Amino acid sequence: MQEPSTYAGGCHCGAVRFQVKVARHEAVDCNCSICRKKGFLHLIVPPENFTLLAGSEALTTYTFNTGTAKHLFCRTCGIHAFYRPRSHPNDFDVNVRCLDGDVLAKFQITPFNGSQWEENIDQLHSELNSDTNISGR
C-alpha cells in the first residue's frame with residue numbers, strides 16, 4: 001500500500017484554503033441535480049484527513065431536501081470546494097477539481113447515479129466504505 005498523499009486546495013478567490021490526506025485516488029462523479037450543476041467530483045475523507053487552513057468566516061451553507069448535507073461554499077467567489085455530504089454526514093467531501101495543481105488525472109473517477117439517490121445509495125456506501133480514504137468507521 002502506498003503512503004497517503006497530501007494535497008492543498010481551495011476556492012477560486014483564495015479565501016478558503018484546506019489540506020486533505022488521500023489514501024486512495026478514487027473519486028465519484030454524481031449526476032444528481034446539485035452535483036451535475038456544480039461539476040463536483042467527490043472525494044470523501046474522514047475528519048482526521050481534512051484540515052481547514054483558512055476561510056471559515058468566508059464559508060456559507062446551503063441546505064435542501066432533508067437538510068442533512070451541508071453544502072458549504074465561499075461567499076465571495078461561490079466555489080463549492082468541500083462540504084458535509086448526506087451520504088457520509090460525519091465526513092468531508094472534497095471537490096477533486098478544487099485541489100491545487102494538475103492532479104485530476106491521478107484519480108480514478110467512478111460514475112454514480114445520484115439522480116436516483118434513494119435507489120442507489122447502498123451501492124455508494126458499499127463502495128466508499130471499502131475505500132481506505134474513509135476506513136476505520
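The structure presented is a predicted model; accordingly, all values stated were derived computationally and were not measured.
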Over all atoms of both residues, closest heavy-atom pair of L59 and C74: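 Distance-wise, the nearest heavy atoms are CD2-N, 4.3 Å.
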
Closest non-hydrogen atom pair, K21 against V45: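 Looks like O-CG1, 4.0 Å.
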
Check against side-chain contact (heavy atoms from CB on, under 4.5 Å), I34 and H71: CA-CA 10 Å; I34 193 166; H71 296 270; 3.8 Å; yes

Run the side-chain donor-acceptor check on residues 4-17: report pairs under 3.5 Å with partners two or more places apart or on a different chain.
{"residue": "Y7", "atom": "OH", "partner": "H25", "partner atom": "NE2", "Å": "2.6"}
{"residue": "R17", "atom": "NH1", "partner": "G9", "partner atom": "O", "Å": "3.1"}
{"residue": "R17", "atom": "NH1", "partner": "D100", "partner atom": "OD1", "Å": "3.2"}
{"residue": "R17", "atom": "NH2", "partner": "D100", "partner atom": "OD2", "Å": "2.5"}

Are [X] and [Y] in one and the same hydrophobic cluster, where Ile, Leu, Val, Met, Phe, Trp and Tyr link if side-chain heavy atoms are under 4.5 Å apart?
| X | Y | answer |
| --- | --- | --- |
| V22 | F50 | yes |
| L72 | F18 | yes |
| V103 | L53 | no |
| V96 | L52 | yes |

Option from F40, F107, F112 for which side chain to side chain contact (heavy atoms under 4.5 Å, CB included) with V28 holds: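 One option only clears the test, and that one is F112.
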
To the closest 0.5 Å, what do you measure between [atom1] ([X]) and [atom2] ([Y])?
| X | Y | atom1 | atom2 | result |
| --- | --- | --- | --- | --- |
| E48 | F92 | CD | CZ | 10.5 Å |
| L41 | C98 | CG | SG | 9.5 Å |
| R84 | D93 | CZ | CG | 11.0 Å |
| D29 | R36 | CG | CZ | 11.0 Å |
| D91 | H42 | CG | NE2 | 13.5 Å |

Close side-chain approach of I79 and N95, heavy atoms under 4.5 Å: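 Answer no - side chains too far apart.
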
Test of ring centre spacing under 6.0 Å for F73 and Y62: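 Ring centroids of F73 and Y62 are no less than 6.0 Å from each other.
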
Evaluation steps, side-chain contact (heavy atoms from CB on, under 4.5 Å), between T66 and R86: CA-CA 8 Å; T66 66; R86 178 179 172 195; 3.7 Å; yes

